[in-house]
There are 2 protein chains.
Amino acid sequence: MAEIAALAGVSKPTVSKVMNGQPGVAAGTRERVERVIAERGYVRHGAARALSAGRAGSVNLVVKEVDNAYFTEVIRGVEETLERAGLSMVLTATHDEARRHRRWMARVVEHGTDGAILVLPDEHFAHVEELRRHGIPVALVDDRGESPPGVPSVGATNFAGGFAATEHLLSLGHQRIAMVGGPPFKSTRERIAGYRTALQEAGVPPDPLLEKPGGFVAETGYEAARALLRAPDPPTAIFAGNDLQAIGVYRALYELGLHTPDDVSVVGFDDLPLARLLTPALSTVRQPVREMGALATKMLLGIIAEETLESTRVELATSLIVRESSAPPRY
Amino acid sequence: MAEIAALAGVSKPTVSKVMNGQPGVAAGTRERVERVIAERGYVRHGAARALSAGRAGSVNLVVKEVDNAYFTEVIRGVEETLERAGLSMVLTATHDEARRHRRWMARVVEHGTDGAILVLPDEHFAHVEELRRHGIPVALVDDRGESPPGVPSVGATNFAGGFAATEHLLSLGHQRIAMVGGPPFKSTRERIAGYRTALQEAGVPPDPLLEKPGGFVAETGYEAARALLRAPDPPTAIFAGNDLQAIGVYRALYELGLHTPDDVSVVGFDDLPLARLLTPALSTVRQPVREMGALATKMLLGIIAEETLESTRVELATSLIVRESSAPPRY
DNA sequence: CCCCTCGCCAAAACCGGTTTCGTAAACAAT
DNA sequence: ATTGTTTACGAAACCGGTTTTGGCGAGGGG
């Protein structure tokens with residue numbers, strides 16, 4: 001910067017003002033400085049800037065895993081929004097390793113981010129607390145339901161989604177509708193509640209045997225579906241807690257020689273990009289994951305800018321997307 | 001740090017040495033300082049450290065897109081390796097937008113990374129050149145074949161993969177084997193060359209009508225398969241340029257009422273985690289994508305540490321994974 | 001007993017920007 | 001012509017670490 005200043009015949013502060021578009025520089029001077037900057041291809045030294053300005057110019061996105069389409073969608077939304085704001089995205093994965101909590105948290109804090117966005121990491125509560133203690137603004141995507149009050153978070157209307165999916169299957173004529181649950185997050189509990197409520201309102205007696213717990217991976221959908229379909233009086237429809245589980249359900253059906261939707265209807269949750277590519281295309285509850293990431297980012301940027309947020313908790317609407325995997329039962 | 005120094009009754013440089021594990025500090029002093037650090041939960045200020053030490057403590061990973069399982073796998077490999085080295089990963093997506101090249105490149109350069117890993121961005125050559133001009137070390141994953149010499153890159157044995165896939169289909173008895181190509185990258189050309197060579201060696205006459213160009217997305221697989229299967233004398237097997245295309249092929253087969261592998265065999269390329277979950281599970285050529293990301297990262301770290309690399313170009317072995325989507329032709 | 005070396009540590013300089021503050025010049029008002 | 005006000009800009013301080021330099025005391029050799 002000193003070099004640019006010398007070439008333009010001004011001082012460092014003036015160059016700084018020009019680069020930051022600050023007032024207090026005469027038009028002629030500004031233009032001259034800008035020309036020199038362009039000629040020399042000068043770019044600021046980020047670290048120096050971060051140090052003296054007190055802003056890191058980057059936000060840390062903490063996800064549980066990266067090789068999962070759900071998180072990928074969040075990443076996409078966050079990335080686009082940060083890009084627009086001229087900030088860099090530092091991506092950290094926790095990989096469920098509670099042991100390494102200390103190490104990576106130190107990395108996050110030390111790297112000096114302007115804020116952090118958490119997407120369902122384990123040890124959620126501890127992370128949020130520690131980040132706050134270090135004065136790092138935090139926003140959450142898809143709250144696990146264990147975060148301290150006042151932390152802004154973006155979710156989806158999971159109850160409504162669970163309800164809509166179940167209602168859809170009921171309206172097709174299904175009576176024996178199974179549900180594969182997910183990990184004990186807030187969102188899962190709400191989806192299940194929606195499922196139960198829909199059954200209840202339709203006067204269909206609940207059957208505990210039709211509710212299978214599981215994780216948000218394909219394997220649990222597979223296991224659950226196998227168990228469900230081999231039992232006496234099997235379900236005619238399976239509502240999977242998320243799309244990955246639904247893929248596992250597809251797999252189980254395929255192995256058992258059953259067809260979707262002729263023998264068993266399947267509905268997922270999330271509407272990952274993959275859902276419409278499956279064969280048959282998956283009926284699912286759309287969760288605007290990318291938008292959730294984008295919105296959480298915007299909220300975080302708001303906090304960083306010290307604006308007052310209207311609301312600390314936002315739930316975006318889910319919507320039922322009917323494709324090929326759901327149809328009236330055969331009989 | 002000044003505060004820690006005061007509390008421990010030493011000076012800043014001593015604290016610095018303790019934190020960096022440098023020699024020149026008496027055991028007793030070191031222990032006392034460490035205790036104070038632990039008590040106060042002190043973490044260094046990353047930006048200040050970056051500025052004075054000249055290292056940013058982060059590496060920039062530049063991918064074409066993030067919502068694509070291939071890139072996700074690379075991200076995973078890079079993330080793990082960087083994590084182990086105590087570095088942060090800044091993720092940037094180019095989204096194919098040549099127009100915005102300048103803007104994001106400025107962000108990358110200005111953020112001050114210790115190095116960059118590029119995965120198939122457009123404007124590849126320009127990016128590499130510019131990064132080098134700024135003195136930023138670069139490593140490539142899956143070279144597009146347009147990079148300047150001397151840039152370390154990690155790829156896979158694409159020719160062997162294409163050959164193996166085709167040979168597999170030939171050995172099952174297929175004669176009319178179609179191939180869906182990809183974008184004009186080096187890797188694509190090699191896969192096609194492997195395909196052609198295998199046909200040639202088996203004495204099967206090549207048919208230009210059986211080679212369809214496309215991009216590495218499901219849609220092109222879909223389009224290509226539809227066109228191929230509706231033509232006279234359709235293929236009995238389709239070798240897709242990557243797994244995403246294979247999903248599109250599945251889709252086309254489903255819509256046409258054809259079954260895999262009974263009517264048409266399908267082989268993919270990449271072996272994304274998804275491949276084994278599809279129904280039927282996809283036979284494919286495994287490309288160790290995660291390892292490629294990890295290795296590229298290691299090479300980059302080597303350059304940063306100013307070690308001399310043994311080799312500037314490494315190709316990891318592909319391997320054929322036979323699952324359910326390939327079988328002898330029906331007749 | 002003196003000199004020299006070496007280990008340990010503090011003072012100061014430095015990284016490359018941003019911010020504060022002061023001043024000179026230009027202009028308006030009296 | 002003098003004073004007040006605004007504008008444009010530069011000098012210096014500052015961000016929080018790391019690196020360099022140099023001084024002091026202890027231990028060892030002559």
Side-chain angles (χ1 to χ4, degrees), chain A residues 1-34 36-37 40-58 86-88 106-107 109-114 134-136 304, chain B residues 1-34 36-37 40-58 86-88 106-107 109-114 134-136 304:
Chain A
M1 182 175 264
E3 189 182 330
I4 299 294
L7 285 171
V10 295
S11 69
K12 281 203 299 173
T14 302
V15 177
S16 176
K17 281 175 200 160
V18 170
M19 291 228 68
N20 294 323
Q22 289 173 2
V25 180
T29 311
R30 185 179 293 275
E31 199 195 331
R32 195 172 63 236
V33 173
E34 274 168 352
V36 176
I37 288 171
R40 308 290 305 224
Y42 168 72
V43 289
R44 285 174 295 211
H45 189 293
R49 193 165 141 77
L51 175 59
S52 66
R55 292 170 271 105
S58 63
L87 294 173
S88 297
R107 269 226 335 281
V109 172
E110 182 168 334
H111 190 79
T113 74
D114 290 332
H134 283 283
I136 299 177
I304 292 173
Chain B
M1 182 174 261
E3 189 183 330
I4 299 294
L7 284 170
V10 296
S11 70
K12 282 203 300 174
T14 303
V15 177
S16 176
K17 280 176 199 159
V18 170
M19 291 227 67
N20 294 323
Q22 289 173 1
V25 180
T29 310
R30 183 178 296 275
E31 199 196 331
R32 195 172 58 222
V33 173
E34 274 168 353
V36 176
I37 289 171
R40 308 289 306 221
Y42 167 72
V43 289
R44 285 173 295 211
H45 190 293
R49 195 165 139 77
L51 173 59
S52 66
R55 294 169 270 106
S58 63
L87 294 173
S88 297
R107 269 229 330 284
V109 172
E110 183 168 334
H111 190 79
T113 75
D114 291 332
H134 283 283
I136 298 177
I304 292 172

From NZ of K12(B) across to C1' of dA11(C) the rounded distance in Å is 11 Å
So, is S11(B) near the phosphate of dC9(C), with a side-chain N or O under 4.0 Å from OP1 or OP2? no
Reckon T29(B) has a side-chain N or O less than 4.0 Å from the OP1 or OP2 of dC9(C)? yes
Taking S16(B) for the side chain and K12(B) for the main chain, is one N or O donor matched with an acceptor at less than 3.5 Å? no
Expected output: side-chain D114(A) to main-chain A56(A) donor-acceptor under 3.5 Å: yes
Heavy atoms only: give me the nearest [X]-[Y] pair and the separation to one decimal.
X: V109(A); Y: V43(B); value: CG1-CG2, 3.3 Å
X: V33(A); Y: A8(A); value: CG2-CB, 4.0 Å
X: A50(A); Y: A47(B); value: CB-CB, 3.6 Å

Give, for atom OG1 of T113(A) and atom CD1 of I304(A), the distance between the pair rounded to the nearest 0.5 Å. 7.5 Å
Please find the earliest and latest nucleotides of DNA chain D, in the 5' to 3' direction, that have an atom within less than 4.0 Å of any heavy atom of chain A. dA8(D) to dG16(D)
How would you label the contact of [X] with the nucleic acid (heavy atoms, under 4.0 Å): base, sugar-phosphate, or nothing?
X: Q22(A); result: sugar-phosphate
X: V15(A); result: nothing
X: G28(A); result: nothing

Name the residue closer to the 5' end of DNA chain C, choosing between T14(B) and S52(B) according to the nucleotide with the nearest heavy atom. T14(B)
